[in-house]
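Report on the following structure.
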Amino acid sequence: MTKFCCKLVDKHVELLYNTRDNDNKEAFELKLKEIANVQSGLVIARKKALAESQIIKSYFQLNLTSVSKDGYIIKEALDVLNAKEIISDDYLTREGDIVVRLTAPYTAVYIEKKNEGIVVSSNFCLVRNVQSYSKEFLGYFLNCNAVKKYFSSNTQGSTIMNISNAVVEEILIPTMDIKTQEWYSKILKLQIRKIEISEKISECESRLLKQLLKKIEE
């Protein structure tokens, strides 16, 4: 059921993106910038302590490997940022934020309460202060194939291809009643949690296998 729902959202959004004509112009009435604020992440080098004596506070920090392609944060992969000054709350994750990776595969992550207070680096942008729209659904929507295709076709740079905040701001948002958004959100949240648990089980099994092989070698 959950896999079907994920495909259904993708299909629904792709259909809307591919049929934007005079008969269907009401399907996308909003741009992301009309319902939310998009801001840059922190340039880490400006705040990083270069010596232990300079450290004022340590934070967990998002990096490219700590964001799963399936749309959740891998806490074990977070960096530790030893900062030489207190980091502004503007750059720390809050419940209800959406973090978007600015390089391929352009993954978006909805921030739950358990993932508050993490420093967001300039490899990402923050979508926050969402108005009149489900924040969770918006996070899932930004991971749809049609949106990622849009990102891929609007990259910049010569060596490392990336998207700008302006590209994220211009995404067209489908008009969909809030109850439908919330229904999709509940189902998709379960799907992501299932993937997260499955991957953790796989990691545990892999570690156990390594330990058993090591015992045999001894």
Side-chain angles (χ1 to χ4, degrees), residues 32-33 36-130 135-136 138-139 142-143 147-148 151-152 154-171 192-193 195-197 199-200 202-204 206-207 210-211 214:
L32 182 61
K33 64 183 179 183
N37 297 328
V38 180
Q39 70 172 67
S40 300
L42 177 69
V43 178
I44 298 299
R46 295 176 183 171
K47 305 294 182 180
K48 189 174 183 178
L50 299 179
E52 190 173 346
S53 59
Q54 295 179 326
I55 300 173
I56 299 298
K57 187 174 180 179
S58 296
Y59 299 84
F60 284 116
Q61 176 205 319
L62 273 184
N63 58 59
L64 297 180
T65 57
S66 62
V67 173
S68 162
K69 61 181 177 60
D70 294 305
Y72 64 87
I73 291 176
I74 305 170
K75 284 199 167 184
E76 296 79 7
L78 291 170
D79 285 336
V80 174
L81 170 62
N82 294 318
K84 61 183 178 182
E85 58 186 80
I86 299 298
I87 305 296
S88 168
D89 288 344
D90 289 342
Y91 299 108
L92 303 179
T93 54
R94 310 170 194 163
E95 183 179 12
D97 285 348
I98 301 160
V99 176
V100 182
R101 177 173 167 160
L102 298 177
T103 54
Y106 313 110
T107 309
V109 178
Y110 171 77
I111 300 299
E112 300 178 79
K113 190 165 186 64
K114 65 180 181 179
N115 289 323
E116 287 187 322
I118 300 171
V119 177
V120 179
S121 72
S122 55
N123 292 315
F124 305 87
C125 71
L126 272 163
V127 178
R128 58 176 34 150
N129 301 324
V130 178
K135 297 170 185 177
E136 278 193 272
L138 183 59
L142 293 177
N143 275 327
V147 174
K148 294 197 175 190
F151 285 154
S152 295
N154 286 278
T155 55
Q156 60 185 19
S158 53
T159 52
I160 300 176
M161 305 301 289
N162 60 76
I163 54 173
S164 65
N165 287 7
V167 169
V168 178
E169 289 177 332
E170 292 296 317
I171 294 171
I192 289 176
R193 189 70 73 238
I195 292 170
E196 186 177 0
I197 291 171
E199 291 189 358
K200 284 184 177 180
S202 179
E203 288 173 11
C204 288
S206 178
R207 284 198 298 270
K210 287 179 181 177
Q211 289 172 0
K214 188 175 181 181

Would you list the atom pairs, donor with acceptor, under 3.5 Å between side chains in residues 91-101 and any protein atom, with sequence neighbours excluded?
from	atom 1	to	atom 2	distance (Å)
T93	OG1	N115	O	2.6
T93	OG1	G117	N	3.1
T93	OG1	I118	N	2.9
D97	OD1	R128	NE	3.1
D97	OD2	R94	N	2.8
D97	OD2	R128	NE	3.4
D97	OD2	R128	NH2	2.6
R101	NE	T103	O	3.2
R101	NE	T103	OG1	3.1
R101	NE	A104	O	3.1
R101	NH1	L64	O	3.4
R101	NH2	A104	O	2.9

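- For the pair K148/N143, a side-chain contact is recorded, criterion being any heavy-atom separation below 4.5 Å from C-beta on.
- Using a 4.5 Å cut-off on side-chain heavy atoms (C-beta onward), L42 and Y59 make no contact.
- To the nearest 0.5 Å, atom CD1 of residue I56 and atom CD of residue E85 are 8.5 Å apart.
- Atom NZ of K48 is surrounded by 12 or fewer heavy atoms from other residues, nucleotides or ligands within 6.0 Å.
- Note: D90 CG to S40 OG = 11.5 Å, rounded to the nearest 0.5 Å.
- For the pair I171/F151, a side-chain contact is recorded, criterion being any heavy-atom separation below 4.5 Å from C-beta on.
- For the residue pair V80 and S58, the shortest heavy atom distance occurs at CG1-CB, 4.2 Å.
- Of all heavy-atom pairs spanning L78 and Q61, the tightest one is CD2-O, 3.6 Å.
- Residues L126 and Q39 meet the side-chain proximity criterion, which asks for heavy atoms closer than 4.5 Å.
- Residues L102 and Y106 fail the side-chain proximity criterion, which asks for heavy atoms closer than 4.5 Å.
- The CD1 atom of I86 sits 10.5 Å away from the NZ atom of K47 when rounded to the nearest 0.5 Å.
- Considering every non-hydrogen atom in both C125 and V38, the closest pair reads SG-CG1, 3.9 Å.
- Under a 3.5 Å cut-off, the side chain of Q54 and the backbone N or O of A51 do form a donor-acceptor pair.
- Taking both residues in full, the closest heavy atoms of L62 and S121 are given as O-OG, 3.8 Å, listed atom of the first, atom of the second, then distance.
- In this structure, K114 and K75 approach most closely via the heavy-atom pair O-NZ, 2.8 Å.
- In the model, D79 has no side-chain atom that pairs as donor or acceptor with a side-chain atom of S66 under 3.5 Å.
- Between L32 and V168, some side-chain heavy-atom pair lies under the 4.5 Å cut-off.
- Contacts of K113 classified as salt bridge (charged side-chain N to carboxylate O under 4.0 Å, His left out), with partners at least two apart in sequence or in another chain: E116.
- The distance from atom CZ of F60 to atom CG of L81, rounded to the nearest 0.5 Å, is 11.5 Å.
- Residues Q156 and S164 come closest through the heavy atom pair NE2-CB, 3.9 Å.
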